[in-house]
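Below is one structure, written out as structure tokens; comments come after it.
This chain uses plain numbering: 1 for the first residue, then up along the sequence.
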Amino acid sequence: MDSGVIEGGLNVTLTIRLLMHGKEVGSIIGKKGESVKKMREESGARINISEGNCPERIITLAGPTTAIFKAFSMIIEKLEEDISSSMTNSTATSKPPVTLRIVVPASQCGSLIGKGGCKIKEIRESTGAQVQVAGDMLPNSTERAITIAGTPQSIIECVKQICVVMLESPPKGVTIPYRPKPSGSPVIFAGGQAYAVQGQHAIPQPDVSAVGIFSLTPSHHHSQLQLSSPKLRNHPTYPCSVLPHVAIIAIETEIGGHVV
């Protein structure tokens, strides 16, 4: 497989998974989803964004190579615009590079790195982009993150070359995809529906793993969520004025590296 296949498409269908922070994703989605809608329409690629109650989110691009890289270019351009906007009132003298992460099956990373690191060195030198393959797999998955930084054009060329390697060396075995975990917002159950509490808003959730149980204790001014789990007795209470009649709360909390 050569770069001509990536450039011309030639009936090759790709899927690229990007791992991004929530703020970056918000910019790509745009007001009322206008930005991502434009990207879908102009590129012809399928663009799927994982659910929003997480510090990190996955953006999946799928479709023919020409559509994929049109969408990818638009995302890179948006990230560069955001960097330029942040520099307006900044005292920094140099503009930071665009940086993003793609997620790939760990079984393909050996081919990407090459014997003695020769392949990844070749990609760095030919594209001018900085490329770093994570040593560890992402939590609860068999995927690794690849961090790429540079100019928009160098990043696009770098990802094209990575895709060539991935097409030549398919993943081995079963791939368990990385799914970012929710940020640990309190979750309220009411009428059979779970709601994540974010500020003064309750956001419906499709699925929840209830681990710690809380009870709602009313006070003079607002309700306080008190922990029922003995392990978490000293955890601070959470004001909740959104759903005052709810009696049961659940939350995932990590203490000392363990979920309780």
Side-chain angles (χ1 to χ4, degrees), residues 13-29 36 45-63 68 71-72 75-76 78-79 96-114 117 119-121 123-124 127 129-150 155-156 158-185 187 196 205-209 211 251-260:
T13 299
L14 289 176
T15 298
I16 297 177
R17 282 158 50 81
L18 309 175
L19 179 59
M20 293 191 172
H21 296 294
K23 187 177 180 181
E24 295 171 322
V25 174
S27 175
I28 289 164
I29 293 172
V36 73
R46 295 189 300 279
I47 304 175
N48 181 62
I49 301 173
S50 64
E51 65 94 11
N53 188 31
C54 301
E56 297 180 319
R57 298 172 73 176
I58 297 283
I59 297 182
T60 305
L61 310 178
I68 286 291
F72 188 72
I75 288 173
I76 297 293
K78 185 61 181 167
L79 294 177
V98 176
T99 302
L100 59 76
R101 290 171 294 170
I102 62 173
V103 179
V104 302
S107 61
Q108 291 177 294
C109 289
S111 300
L112 181 61
I113 294 168
K119 188 62 184 179
I120 198 164
K121 181 181 178 183
I123 293 173
R124 287 180 183 131
T127 65
Q130 301 170 43
V131 191
Q132 184 67 46
V133 180
D136 297 325
M137 287 186 281
L138 290 160
N140 304 312
S141 79
T142 57
E143 293 187 308
R144 290 192 203 176
I146 300 175
T147 304
I148 307 166
I155 291 174
I156 292 165
C158 179
V159 172
K160 285 181 179 178
Q161 293 197 28
I162 289 172
C163 287
V164 169
V165 175
M166 292 175 69
L167 288 168
E168 290 176 338
S169 306
K172 301 176 183 69
V174 177
T175 298
I176 302 171
Y178 174 58
R179 302 182 191 282
K181 287 188 67 174
S183 56
S185 299
V187 179
Q205 300 295 295
D207 185 32
V208 162
S209 295
V211 210
I251 190 172
E252 283 191 353
T253 307
E254 273 193 56
I255 290 184
H258 300 286
V259 175
V260 293

So, taking the atom named CG in Leu112 and the one named CD1 in Ile146, what distance separates them when rounded to the nearest 0.5 Å? 4.5 Å
Looking only at heavy atoms, what is the nearest atom pair of Cys54 and Pro180, with distance? SG-O, 3.5 Å
Which heavy atom in Phe72 sits nearest to a heavy atom in Leu18, and how many Å separate them? CE1-CD2, 3.7 Å
Atom pair CD1/CD1 of Ile47 and Ile75 - distance to nearest 0.5 Å: 5.5 Å
For the pair Glu51 and Arg179, evaluate side chain to side chain contact (heavy atoms under 4.5 Å, CB included) and give the outcome as yes or no after the intermediate values. CA-CA 10 Å; Glu51 65 94 11; Arg179 302 182 191 282; over 6 Å; no
Name each donor-acceptor pair under 3.5 Å that joins a side chain in residues 134-142 to protein atoms two or more places apart or in another chain, with its distance.
from, atom 1, to, atom 2, distance (Å)
Ser141, OG, Leu138, O, 2.8
Ser141, OG, Glu143, N, 3.2
Thr142, OG1, Ile176, N, 2.7

Taking the side chain as everything from C-beta on, heavy atoms only, tell me whether Ile162 gets closer than 4.5 Å to Ile148. yes
Spacing of OG1 belonging to Thr99 relative to CD1 belonging to Ile155, to within rounding of 0.5 Å: 6.5 Å
Can you measure from CZ (Arg46) to CD1 (Ile68) and round to the nearest 0.5 angstrom? 7.5 Å
Which atoms form the tightest heavy-atom contact between Met166 and Pro105, and what is the distance? CE-CD, 4.2 Å
Is the backbone N or O of Ala106 less than 3.5 Å from a side-chain atom of Arg144, with the two atoms forming a donor-acceptor pair by type? no
Nearest heavy-atom pair of Pro171 and Ser107: which atoms, and what distance? CA-OG, 3.4 Å
Met20 side chain reached by Leu79 side chain, heavy atoms, under 4.5 Å: yes
Quick one: closest heavy-atom pair of Lys78 and Ser27, and the distance? CE-OG, 3.0 Å
Let me confirm one number: the CD1-SG distance from Ile102 to Cys163, rounded to the nearest 0.5 Å. 6.5 Å
How far apart are the closest heavy atoms of Ile58 and Arg17, and which atoms are they? CG2-NH1, 3.6 Å
Taking the side chain as C-beta and beyond, is there a heavy-atom pair between Val133 and Val104 under 4.5 Å? no
Answer yes or no: is there a side-chain heavy-atom contact under 4.5 Å between Lys160 and Val164? no
May I ask you to say whether Glu56 pairs ionically with Arg101, meaning some side-chain N is under 4.0 Å from a carboxylate O? yes
Roughly how far, to the nearest 0.5 Å, is CZ of Arg57 from NE2 of His21? 13.5 Å
